[in-house]
There are 2 protein chains.
Amino acid sequence: MTGDAMTSDAMTSDAMASDAMRRGPAAILLRQLDNAGYRLTEPRRAILTIIAGGHERFTSAELLDSVQREASSIGRATVFRTLDLLTAVGILQRVHLDDAGCHSYVVCGRAHHHHIVCANCNRVMDFEQGEVEALLARLGERHGFKVEGHHLEVYGRCQDCQAATHN
Amino acid sequence: MTGDAMTSDAMTSDAMASDAMRRGPAAILLRQLDNAGYRLTEPRRAILTIIAGGHERFTSAELLDSVQREASSIGRATVFRTLDLLTAVGILQRVHLDDAGCHSYVVCGRAHHHHIVCANCNRVMDFEQGEVEALLARLGERHGFKVEGHHLEVYGRCQDCQAATHN
DNA sequence: TTTACTGCAAACATTTTGCAGATGT
DNA sequence: ACATCTGCAAAATGTTTGCAGTAAA
């Protein structure tokens, strides 16, 4: 829906296959997939490379779009299946944003943490969650609730975008 | 998807029209709609009555189901349009739950607050948000972020369900 | 060589839209 | 009376599935 997401400074398929994939951030993700016992297929490599080279947060539609553009031989179904797989393995995390249709994904190697998304440049920062969890546990207890999980997303404006012209 | 949601102890259409609607919780919601300048049509009355008499949290599918059962003359489109309307007016709040398809709604008259949902009985409690906001602002600042909004959902187990057999 | 994975196309689920007619105020 | 609202059916959207063929290990 945002349209230009992840496609703005994409590399060519050649550069993609050689450069980024061997030592770019995609390599780490590929290793994760491998370690989890899944096959490193051509479509998965391509999708991971696209994800690693794009915005930290994206929707399935945006990814679908990028895949169509950069590796058009990959089918829709494979993209969805790969998204599910990557989420299951923990490479991606599903998040919900009211303004972005429904599901969005963020690249996320670590176990569980929170994101703060810049409303202007889409930059995503992680932040420590210890304090959040402690507070929630405390608030829950006050109502007799035993807190078992939570889902938190924070929107704001990063340092750069506070200085820059707002759009 | 939960299937039995909101339909278990539903009243007959007659009781619905006379009793609950005049002095049940639906009356408050109807007044809100009226105050906002919208027409109190028959479908809207029926839908609000169903909502007021059902679980505090529900999906569009569950509501659609209840409407079909209790006021089958109302069309799907009207249900969705009404959900949008109620959300816009602030009678409902859209929330996201991974396990419940995508959109869920909670009845919610007040301006902005958080919900804690019992994973067992689906009971929803509100809790004060002052502390949450303060904490988020503090955490954001630490990263140079100016926090502008957030979305928080907490899952847990309410007092009753901690005692009762888990399911 | 074996089984996981893929593309395709069709199915499916969910939500939106256009429009003629009904209804609230 | 007249604008808002409704039901219907069709369309748009987003995601999943069955299956025959392909490719990773």
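The model shown is predicted, which means the values in this text are computed figures rather than measured ones. Below, read A as the first sequence line, B as the second, and so on, with proteins coming before strands; counting in each chain starts at 1.
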Can you list everything that forms a side-chain contact (heavy atoms from CB on, under 4.5 Å) with Arg76(A)? Sequence neighbours excluded, please. Leu64(A)
Indicate yes or no: at least one non-hydrogen side-chain atom of Val107(B) is less than 4.5 angstrom from one of Leu92(B). yes
For Asp84(A), give me all partners under salt bridge (Lys or Arg N to Asp or Glu O under 4.0 Å), at least two apart in sequence or on another chain. Arg94(A)
Does any part of the side chain of Leu33(A), heavy atoms only, come nearer than 4.5 Å to the side chain of Leu85(A), both counted from C-beta? yes
Among residues at least two apart in sequence or on other chains, which ones pass side-chain contact (heavy atoms from CB on, under 4.5 Å) with Ala36(A)? Tyr38(A), Val89(A)
Could you tell me whether the phosphate oxygens of dT15(D), OP1 or OP2, come under 4.0 Å of any side-chain nitrogen or oxygen in Ser60(A)? yes
To the nearest Å, give me how far apart CG (Leu33(A)) and P (dA4(C)) are. 16 Å
Sorted by chain and number, sequence neighbours left out, salt bridge (Lys or Arg N to Asp or Glu O under 4.0 Å) with Arg138(B) holds for Glu131(A)
Salt bridge (Lys or Arg N to Asp or Glu O under 4.0 Å) with Arg39(B): which residues, sequence neighbours excluded? none
Test item: Arg31(B) and Asn35(B) side chains (from C-beta on) under 4.5 Å apart, heavy atoms: yes
Whole Å only: how far is the CZ atom of Phe58(B) from the C1' atom of dT14(C)? 16 Å
Return whichever of Gly37(B) or Ser72(B) has its heavy-atom-nearest nucleotide of DNA chain D closer to the 5' end. Gly37(B)
Taking the side chain as every heavy atom from C-beta outward, state whether Glu70(B) and Thr49(B) have any atom pair closer than 4.5 Å. no
Leu64(A) CG to dG14(D) P: how many Å, rounded? 9 Å
What string of B, S and - do you get for nucleotides 20-25 of chain C, 5' to 3', if B is base contact, S is sugar-phosphate-only contact and - is no contact with any protein heavy atom under 4.0 Å? ---BBS
Gln68(B) CD to dT14(C) C1': how many Å, rounded? 15 Å
Heavy atoms from C-beta onward define the side chain here; which of dG7(D), dT17(C), dG7(C) lies closest to that of Ala77(B)? dT17(C)
Please report the shortest heavy-atom distance between Leu48(B) and Ala26(B), naming the atom on each side. O-CB, 4.0 Å
Roughly how many Å is it from CZ in Arg76(A) to P in dT15(D), rounded to a whole number? 12 Å
Heavy atom of residues 79-89 of chain B under 4.0 Å from DNA chain D: which residues? Arg81(B)
Rounding to 10 degrees, work out the angle separating the end axes of the helix from dT1(C)-dA25(D) to dT25(C)-dA1(D) (five pairs an end). 40°
Where the side chain of Arg44(A) is concerned, which of dT6(C), dT17(C), dG7(C) is the nearest nucleotide? dT6(C)
Would you say the side chain of Val67(A) lies within less than 4.5 Å of the side chain of Thr78(A), judging by non-hydrogen atoms? no
